[in-house]
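Chain A is the first sequence line, chain B the second, and so forth, proteins listed ahead of strands; every chain is numbered from 1.
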There are 4 protein chains.
Amino acid sequence: MTSRKQEKFEMILDAAEKVIAENGFHGSQVSKIAKEAGVADGTIYLYFKKKEDILISLFEDRLGKLVALFNASIEESSTAAEALRKVCEIHFTQLEQNVNLAYVTQIELRQSSLELRKAIGLSVKPYIQLIENILIRGIAEKSFRADLDTKLTRHLLFGAMDEVVTSWLISGRKYSLSAQVDKTVDFFLRGLK
Amino acid sequence: MTSRKQEKFEMILDAAEKVIAENGFHGSQVSKIAKEAGVADGTIYLYFKKKEDILISLFEDRLGKLVALFNASIEESSTAAEALRKVCEIHFTQLEQNVNLAYVTQIELRQSSLELRKAIGLSVKPYIQLIENILIRGIAEKSFRADLDTKLTRHLLFGAMDEVVTSWLISGRKYSLSAQVDKTVDFFLRGLK
Amino acid sequence: MTSRKQEKFEMILDAAEKVIAENGFHGSQVSKIAKEAGVADGTIYLYFKKKEDILISLFEDRLGKLVALFNASIEESSTAAEALRKVCEIHFTQLEQNVNLAYVTQIELRQSSLELRKAIGLSVKPYIQLIENILIRGIAEKSFRADLDTKLTRHLLFGAMDEVVTSWLISGRKYSLSAQVDKTVDFFLRGLK
Amino acid sequence: MTSRKQEKFEMILDAAEKVIAENGFHGSQVSKIAKEAGVADGTIYLYFKKKEDILISLFEDRLGKLVALFNASIEESSTAAEALRKVCEIHFTQLEQNVNLAYVTQIELRQSSLELRKAIGLSVKPYIQLIENILIRGIAEKSFRADLDTKLTRHLLFGAMDEVVTSWLISGRKYSLSAQVDKTVDFFLRGLK
DNA sequence: TATGAATGAGTCTTCATTCAT
DNA sequence: AATGAATGAAGACTCATTCAT
């Protein structure tokens, strides 16, 4: 039962991702998502209370999976610098390999209401926190400056990576995103040390 | 005549800025903007072809003024490093002093259609270019690394500053934004040298 | 299912006929038609793509039924002259008995856009053709002149009948329309023989 | 003064005729007519009380000129049959030579409100009356049947000619309209004698 | 659980008309 | 007489959500 429910829940999320990537945020009506998912419009409301909840769940689910990837990699990393490199690598590589997801997160979901954006912000928070943890670890390791403002710097790093992904998308993906990892991390580490 | 027309044009832009900041993008009906500007609904359409054009003009106008400020300051700067500091200072200070504008640029205008975002992107481009010019100047001055990828780095810098402003806003402006300039520029310069 | 859909489709057409006859073309808002039909405004758009489509469907439906009547009668007619009399009789009698329909076809629907009028023209064509077929039959029977220009004459006959109906309506229906059949057909037959 | 006023009055009528023929009834805004006439929008309202009045005046003026032509020709005619031929000839020839006028009278002006159409009907009445007078004259001359219902027949004749013009226009004017005069009048005269 | 027909609130835009200059 | 900037009423259409089956 629950697994069956879970299954349909994910079918709807997959459908939403595809529909939004193909039609844009404003072209993604509930009826279109329902059709893509192979269910009736009303069925959507057995799994989600409001349309917005689909989008929030979508973002939570996808970002949750990324954060899990991050955590696994970080544990394997012997230094904070290595962990930071891993984070940037996963960030760029995953979005490069999943263009639909990239469009949805970088372009489409940002067109939503303030309320939705706040909910999305909650999903991003663990990621921002994860970056800060690496900074704290680096300071403890004495590989990063002790006078770093970790609250500020975590935003500098996230914002920088985020913008690089967005500009890569808007440019039409004319170059390799993952090829930007080394130069990006290099810039970060010089700033941190 | 023209000045009178220009005057009303700006009255509408001011009204739009205020209404959007107060009600959010989706709560800003044309009728509300007209009322705030003290004109009839139809009058809006003597100055703007479509509702979207109000937003595009608003962004162009405000960002244009900022870029003018940037240009003036940069000319006075004797070094690229100093110019970069000026840019960050103006970026943070102006938005801190004009919270309505900050809300509109960081939160509301990003909720718009792809078409509008493209138009906005055109307004941002000169700013991104201005940052790159500083980088090029720094390399020429030999104060920045010669192996910098200026195309990538301009996005790293812009994205970092942009995210700092947004997180400051979302946090409820609980701390001083301009107080972040030194640490931000310090991080940048270490990465650039 | 389909019959239920068909049922509502016709309820809307009936409502549209009544509303247009009572309020005129320009006074017939979608909301008024919906109210008369006892459905919500949005329901209209489950059955018709645009407002104009209601009018086209209305015309097609009503004229289609008339043409069916014509065809049945003509088959029973032993001569072309008799068939022509039947056509005129049905034309006048039907519109006299259904004043709402008469108003809609003679007055209101002619106020529509060129696009709509073209669609309506397509519905009238079978009727014009039917008249021409009678002319051809009459020539074959040698009861009508062999030198008749059937393409021209079908318009002369249709236009004459059409104008008689319109002037009867505009006059305020102060006399019997069906009482004009004999004299009208008499005039026609003299011209045709 | 008055002649100067008259002059501008006619400039506006000419402009309206051209604009309606080119843009259709619904595409003919007051501002467009004003521009074509070379006056300001407000100036229109010094000569016409409402937009509708432009159209009514246009129809009155043009049809008035036609009726004058008819009257002149009829006086020259020695028989009612000849007069009827003249009428049909002028009707077809004038509209064939003035396609703009033909479009405006046959297609565009019929898309107007009931009120306007009634006003236009008043302009048509003298023409209908003129046709009836010919019929009466023919009966007096004993060249037409004494049992003719002149009230009915005048509509049969007008409607027939009107429809022939309209179908010629809608067909794209692929054939000569004036070439239809002989056959049309022939049909009429057979019906009348 | 699932369906999908029905609902109805909500808004941009046009354009005839006015009136201060 | 002439201007043209300003007015503001009016309406088609969409789509998230519900509920009878």
Side-chain angles (χ1 to χ4, degrees), chain A residues 1 4-5 8 26-35 37-55 113, chain B residues 1-2 4-5 7-9 12 26-35 37-54, chain C residues 1 4-5 7-9 12 26-35 37-54, chain D residues 1 4-5 7-8 26-35 37-55 113:
Chain A
M1 302 304 138
R4 195 164 168 184
K5 192 156 190 171
K8 201 163 270 189
H26 288 109
S28 298
Q29 295 80 359
V30 169
S31 60
K32 221 179 249 173
I33 295 173
K35 196 173 186 182
V39 300
D41 295 14
T43 305
I44 298 274
Y45 289 85
L46 299 175
Y47 296 86
F48 302 90
K49 205 176 172 196
K50 300 170 54 186
K51 182 187 182 185
E52 223 167 49
D53 291 347
I54 309 176
L55 306 176
S113 70
Chain B
M1 305 303 141
T2 300
R4 196 161 173 180
K5 193 153 191 172
E7 210 174 277
K8 200 160 271 188
F9 181 88
I12 296 173
H26 289 107
S28 298
Q29 295 82 354
V30 169
S31 59
K32 221 178 249 172
I33 294 173
K35 199 173 185 180
V39 300
D41 295 15
T43 305
I44 298 277
Y45 289 86
L46 296 177
Y47 295 87
F48 302 90
K49 210 175 173 200
K50 299 170 52 187
K51 183 186 181 186
E52 222 167 51
D53 290 348
I54 308 177
Chain C
M1 307 302 140
R4 196 162 173 178
K5 194 152 191 173
E7 210 175 277
K8 201 162 271 189
F9 180 88
I12 296 173
H26 289 108
S28 298
Q29 295 81 356
V30 169
S31 59
K32 219 177 252 174
I33 295 173
K35 199 172 186 182
V39 299
D41 293 17
T43 304
I44 298 277
Y45 290 88
L46 297 176
Y47 296 86
F48 302 91
K49 210 175 173 199
K50 300 169 52 187
K51 183 187 180 187
E52 220 167 53
D53 289 348
I54 308 177
Chain D
M1 299 304 139
R4 195 165 168 182
K5 192 155 189 172
E7 208 175 279
K8 201 163 269 190
H26 288 109
S28 297
Q29 295 80 1
V30 170
S31 59
K32 220 177 249 172
I33 294 172
K35 197 173 186 182
V39 300
D41 295 15
T43 305
I44 297 275
Y45 288 86
L46 298 175
Y47 295 87
F48 301 91
K49 205 176 173 196
K50 299 171 55 187
K51 182 188 182 185
E52 224 167 47
D53 290 346
I54 309 175
L55 306 176
S113 69

Practice problem: Could you run through nucleotides 11-16 of chain E and give me one letter per nucleotide, 5' to 3': B if any protein heavy atom sits under 4.0 Å from the base, S if only the sugar-phosphate is that close, - if neither? | Solution: SSBBSS

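- When DNA chain F is scanned in the 5' to 3' direction for atoms under 4.0 Å from non-hydrogen atoms of chain C, the outermost contacting nucleotides are F:dG11 to F:dT14.
- Shown here are the ring pair (Phe, Tyr, Trp, His ring centres under 6.0 Å) partners of A:Phe48, two or more places apart in sequence or in another chain: A:Phe9.
- Looking at DNA chain E, the stems built from 3 or more consecutive Watson-Crick or G-U wobble pairs, each pair with its key distances under 3.5 Å, are E:2-21 with F:2-21.
- The NZ atom of D:Lys51 sits 8.0 Å away from the OH atom of D:Tyr45 when rounded to the nearest 0.5 Å.
- Note that CD1 of B:Ile12 is 4.0 Å distant from CD1 of B:Ile44, once rounded to the nearest 0.5 Å.
- When each of A:Lys8 and C:Val39 is assigned the nucleotide of DNA chain E bearing its nearest heavy atom, the one mapping closer to the 5' terminus is A:Lys8.
- In this structure, CG on A:Leu46 lies 8.5 Å from NZ on A:Lys8, to the nearest 0.5 angstrom.
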Expected list for residues 27-35 of chain C: side-chain donor-acceptor pairs under 3.5 angstrom, two or more places apart:
residue	atom	partner	partner atom	Å
C:Ser28	OG	C:Gly24	O	2.6
C:Lys32	NZ	C:Gly27	O	3.0

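- By the ring pair (Phe, Tyr, Trp, His ring centres under 6.0 Å) test, A:Tyr47 pairs with no residue at all, sequence neighbours left out.
- C:Phe48 comes within contact range of no nucleotide atom at all, as no heavy-atom separation falls under 4.0 Å.
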